[in-house]
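Take this structure first; my questions come after.
Scope of the values below: all heavy atoms of this structure, side chains included, with no hydrogens, waters or symmetry mates. In what follows, every chain begins at residue 1, and chains take the letters A, B, ... in the order their sequences are listed.
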Number of protein chains: 2
Amino acid sequence: MGALRLSSLSLVRPTFSPLRRLPPLSRGCATSTHSLAKEPEADAVTAGDGHGKASASASPLLECAVTPRSVDFSKWYLNVIDKAELADYGPVSGTMVIRPYGYAIWEAIQDYLNVKFKETGHSNMYFPQLIPYSFIEKEASHVEGFSPELALVTIGGGKELDEKLVVRPTSETIVNHMFTQWIHSYRDLPLMINQWANVTRWEMRTKPFVRTLEFLWQEGHTAHATFEEAEKEALQMINVYKDFAYEQAAVPVITGRKSKVETFAGATCTYTIEAMMGDKRALQAGTSHNLGQNFSRAFKTQFMDENGERQHVWQTSWAVSTRFVGGIIMTHGDDAGLMLPPRIAPIQVVIVPIWNKSDEKTSVLEAVATVHNILKEAGIRVKVDDSDQRKPGWKFNFWEMKGVPLRLEIGPRDVTKKSVVVSRRDVPGKPGKEFGVSMEASTLVNHVKLRLEEIQAALLQRAISFRDSNIVDVSSYGELKEAIAEGKWARGPWSASDAEELKVKEETTATLRCFPFEQPEGEKKCFMTGKPAEEVAIFAKSY
Amino acid sequence: MGALRLSSLSLVRPTFSPLRRLPPLSRGCATSTHSLAKEPEADAVTAGDGHGKASASASPLLECAVTPRSVDFSKWYLNVIDKAELADYGPVSGTMVIRPYGYAIWEAIQDYLNVKFKETGHSNMYFPQLIPYSFIEKEASHVEGFSPELALVTIGGGKELDEKLVVRPTSETIVNHMFTQWIHSYRDLPLMINQWANVTRWEMRTKPFVRTLEFLWQEGHTAHATFEEAEKEALQMINVYKDFAYEQAAVPVITGRKSKVETFAGATCTYTIEAMMGDKRALQAGTSHNLGQNFSRAFKTQFMDENGERQHVWQTSWAVSTRFVGGIIMTHGDDAGLMLPPRIAPIQVVIVPIWNKSDEKTSVLEAVATVHNILKEAGIRVKVDDSDQRKPGWKFNFWEMKGVPLRLEIGPRDVTKKSVVVSRRDVPGKPGKEFGVSMEASTLVNHVKLRLEEIQAALLQRAISFRDSNIVDVSSYGELKEAIAEGKWARGPWSASDAEELKVKEETTATLRCFPFEQPEGEKKCFMTGKPAEEVAIFAKSY
């Protein structure tokens, strides 16, 4: 598990090869727990009352430890994904297998958004993923943006096809093809749909969750009678994403508008939520596009208005993908591994039983089962780790690495006192530990729920502080360069040209992330040109 | 909307063309309701108390009527899918767009099964859809079964690929490739996962929902230490499907084992649920395979057993797809259109307000809003059709065509009496109508819930009677031919050869659907050979 293997985890590949030649990933901690018989016994410290904790640097625990985030962020990220069993590499280079623990985070994202989409009047449906190549060519900037990334089906049922088929990279074209058949009158509008689907983009530099050849997402598509309605919808949906990010994922995104250069291929205007990762790089975590009439003109998606005139519809599209899982990992994780916000954690509470003598085991496990049932009944996602294969100290480290927000420890003394020990994932060591919390059902449930809410709030607050302390207000290009060189985000008035925006990218590798919705008051002068500027923009290096 | 257009709805195509040349589907009833201004006013009869109903054959209602099922089953099926807006054709021939009303039925299937899969210990995850071609070739019968149906990606990111990639037709190969990396010891078993995904099979004869080039499904994949465990799992999952079919979809499937000839390409044994459609043809509605060690030997998926010996794992896979939606349509529908079992109906109750004079409108709509809230609060999926565009009679026909199980009608007299009229979709005319059902919240909720349960039970009972009256017990090949010629299912003792099974298919077009789990007692003689037979088999024409 040395540096060599870790760096081989990178999916970056200079030349394309459909079959990955890398060695298979070794087992993470979880499976290792099962093969202990062939390995030295974990030497977990069970000093005193059994609630002591072995240091993560102790050699038998190493297999569970990850490269510290503070040492190498990129290695840490890949290491966490591997050890916490969030994902694995698919056989085709650049593809990813989403493992159950990672998929459960995606399911939490889906569960929340799916309800919000329906509440805001959208219906789910499903469009085919194979799109005639000619469709992609119809909207000029769309084809320019997507054609380098396409996967093409050229053979079907053993025969060469007359027309190449595109494996959808996004669905605006096929959606418009269908909308022309469903939209006739203004009474058919607005038409508001969403689909949960896989999409394929032939990316050359991939990273699990963040950028993969195939990924999962939802894509909303709507058609409206007026520009204003489409604009309202695009803004509504970016706010749904923002609310999810803040309230569920505890990711304090900055909401704003993309520059012309960074706007989606085919959109009139792109709204975005930008998140600051633990290495301060920006992650575009969701986008909502006002497509104007670009696609409706290309596909002749028209309706008869109230005056009997034919008009092109005004459209939006908006998407959040499995990339958000990567954003959650990189926002909250620390040196010990993953740290999950309680609201989206697949396991909110893990219970670790502690016993030294076998006669203690029965009573401890009985108490553990009771507590488990109490919490489960209360709707808390709880897991018991009662395996005989590992000592408590190892389990503490393991479940911390997996990012479980709260741990309950129950040993013989706790059974006697009818109490449990509660440990917070986000507060290391003694300060995060509470002894003597009553096992009585309602007391315990209230206590656990309160702690989970506190952790949820604390993670958000910590991320907000981190974000705000790493955004620098700049008033000159020199200051921007300095901020970017320090790895920070630079915020300053901007009214310069596209060419100057590209120059910044070339010289600093930072891009214009967005013109944030929240703008400072007062007059502004563009930090690049000195001319009047209406808005500040944020520049940052990004994923 | 004549015969010509209806027949053009068939997706059968003698030669392949990637772009469908058929004219776009016309609007169904739902969108038509919005374009009334340009059409003659629907002349719904509102005689007497307003609860009268226009005959479906009255000319202004024709656009809402479907080809009667009794006249032409196949046309009826395509017509229902079109008019009820369940699905539409995608631009690539053989593909299907699942529209919101059809997708909501699929969501009901997902919601039920997803819970059952988790309860039985399976975790959701996601595998990439692009599979190296060499994988498909590894299991001999698998490649034989699937290679004629493959869609191949040969170009990615603008470059010809070194190895062709298969767009997954099913995932056993890639699952095994990954399982080899996750399974090491007997302690890693059983490994039980499921994925919800799209799959692509280059079918030449397609039909919406029943057989499409791309479809949605779930595929479960498990690995076990012993044959017995795999067998138990395969049987457990076919029973989960059977329970869904009976309890939720009211589709009385027959559960059984496939013959060797009909077994899945790569399986040791295939279990199936077979449903009888309204035209008496069989539909394979779900399958569960005991894969034995076929794939684990091909992919070297091994584990160390308790004695330290390396063994190949024993596997299962099982799937239900959007085909089931087609099965529901063809089981319950009647001449008037779709008929949905309440438990999976996207809309369980539709409320139609009735008024003649505008001064009645306000009080009627107030009562309708109250009733709507009462039912919604009670968790009933309810919709109000208060559009001004159509008369009540038209709405009655429309929502019957859409298969909504229960209709509430509320007119001025009902408002005065604080009562509603309740009409069952499954009992036409007066016998299905109840007058004077109290609007009082708990009375109404109980009444509606009771009726919905009655409808659910009635649909199942009707389908069971239909099925049982169309299965003929045969004791000679002549009797089988006769039964098949009458369009029925033939059930009789069978122990003949594969060659003789294929002869039956060739001569009668009927196939051996399954050896049902429920077997008659006593000695049996094969109806083909006269030799002793251990089991009866069912033969039928199928989709």
* **Where A/Val92 and B/Leu130 come nearest, the two heavy atoms and their spacing** => CG2-O, 3.5 Å
* How many angstroms lie between CZ in A/Arg99 and CZ in B/Phe127, if you round to the nearest 0.5 Å? -> 9.0 Å
* Verify the neighbour count for atom NZ of A/Lys138: are there more than 12 heavy atoms of other residues, nucleotides or ligands below 6.0 Å? => yes
* Structure fact -> Across all chains, not counting sequence neighbours, the side-chain hydrogen bond (donor to acceptor under 3.5 Å, both in side chains) partners of B/Lys300 are none
* Would you find more than 12 non-hydrogen atoms of other residues, nucleotides or ligands less than 6.0 Å from B/Glu137 atom CD? -> yes
* To do: State, without any angle test, whether A/Tyr126 and B/Glu214 hold a side-chain donor-acceptor pair at a distance under 3.5 Å.
  => yes
Distance-only donor-acceptor hits, side chain of residues 215-222 of chain B, under 3.5 Å, sequence neighbours excluded:
from: B/Trp217; atom 1: NE1; to: B/Glu219; atom 2: OE2; distance (Å): 3.3
from: B/Gln218; atom 1: OE1; to: B/Tyr241; atom 2: OH; distance (Å): 2.5
from: B/Gln218; atom 1: OE1; to: B/Val320; atom 2: N; distance (Å): 2.8
from: B/Gln218; atom 1: NE2; to: B/Asn194; atom 2: OD1; distance (Å): 2.8
from: B/Glu219; atom 1: OE1; to: B/Ser171; atom 2: N; distance (Å): 3.0
from: B/Glu219; atom 1: OE1; to: B/Ser171; atom 2: OG; distance (Å): 3.3
from: B/Glu219; atom 1: OE1; to: B/His221; atom 2: NE2; distance (Å): 2.8
from: B/Glu219; atom 1: OE2; to: B/Ser171; atom 2: OG; distance (Å): 2.7
from: B/Glu219; atom 1: OE2; to: B/Gln195; atom 2: NE2; distance (Å): 2.8
from: B/Thr222; atom 1: OG1; to: B/His224; atom 2: NE2; distance (Å): 2.7
from: B/Thr222; atom 1: OG1; to: B/Thr316; atom 2: OG1; distance (Å): 2.5

* What's the spacing between A/Arg168 CZ and B/Asn198 CG if we round to 0.5 Å? -> 6.0 Å
* Just give me the residue among A/Ile183, A/Ile193, A/Asn124, A/Leu150 that pairs up with chain B most often, heavy atom to heavy atom, under 4.5 Å. => A/Asn124
* By a 4.5 Å heavy-atom criterion (distance strictly below it), what part of A/Thr322 contacts chain B: side chain, backbone, both, or neither? -> neither
* To do: Report the distance from atom OG1 of A/Thr95 to atom CD1 of B/Ile174, rounding to the nearest 0.5 Å.
  => 6.0 Å
* To do: First locate atom CE of B/Met125, then atom CH2 of A/Trp106, and finally report the distance between them rounded to the nearest 0.5 Å.
  => 16.0 Å
* Asked: Say you draw a straight line from CG of B/Asn114 to CD of A/Glu107; how long is it, rounded to the nearest 0.5 Å?
  -> 6.0 Å
* Drop me the distance from B/Tyr133's OH to A/Ile155's CD1, to the nearest 0.5 angstrom. => 9.0 Å
* Structure fact -> chain B shares the most heavy-atom pairs under 4.5 Å, among A/Gly156, A/Ser123, A/Ala197, with A/Gly156
* To do: Can you tell which part of B/Met178 gets under 4.5 Å to a heavy atom of chain A, answering side chain, backbone, both or neither?
  => side chain
* **Result of checking B/Leu165, B/Thr200, B/Val153 against A/Val167 for side-chain contact (heavy atoms from CB on, under 4.5 Å)** => B/Val153
* Between A/Pro128 and B/Gly90, what is the shortest heavy-atom contact and its length? -> CG-CA, 4.1 Å
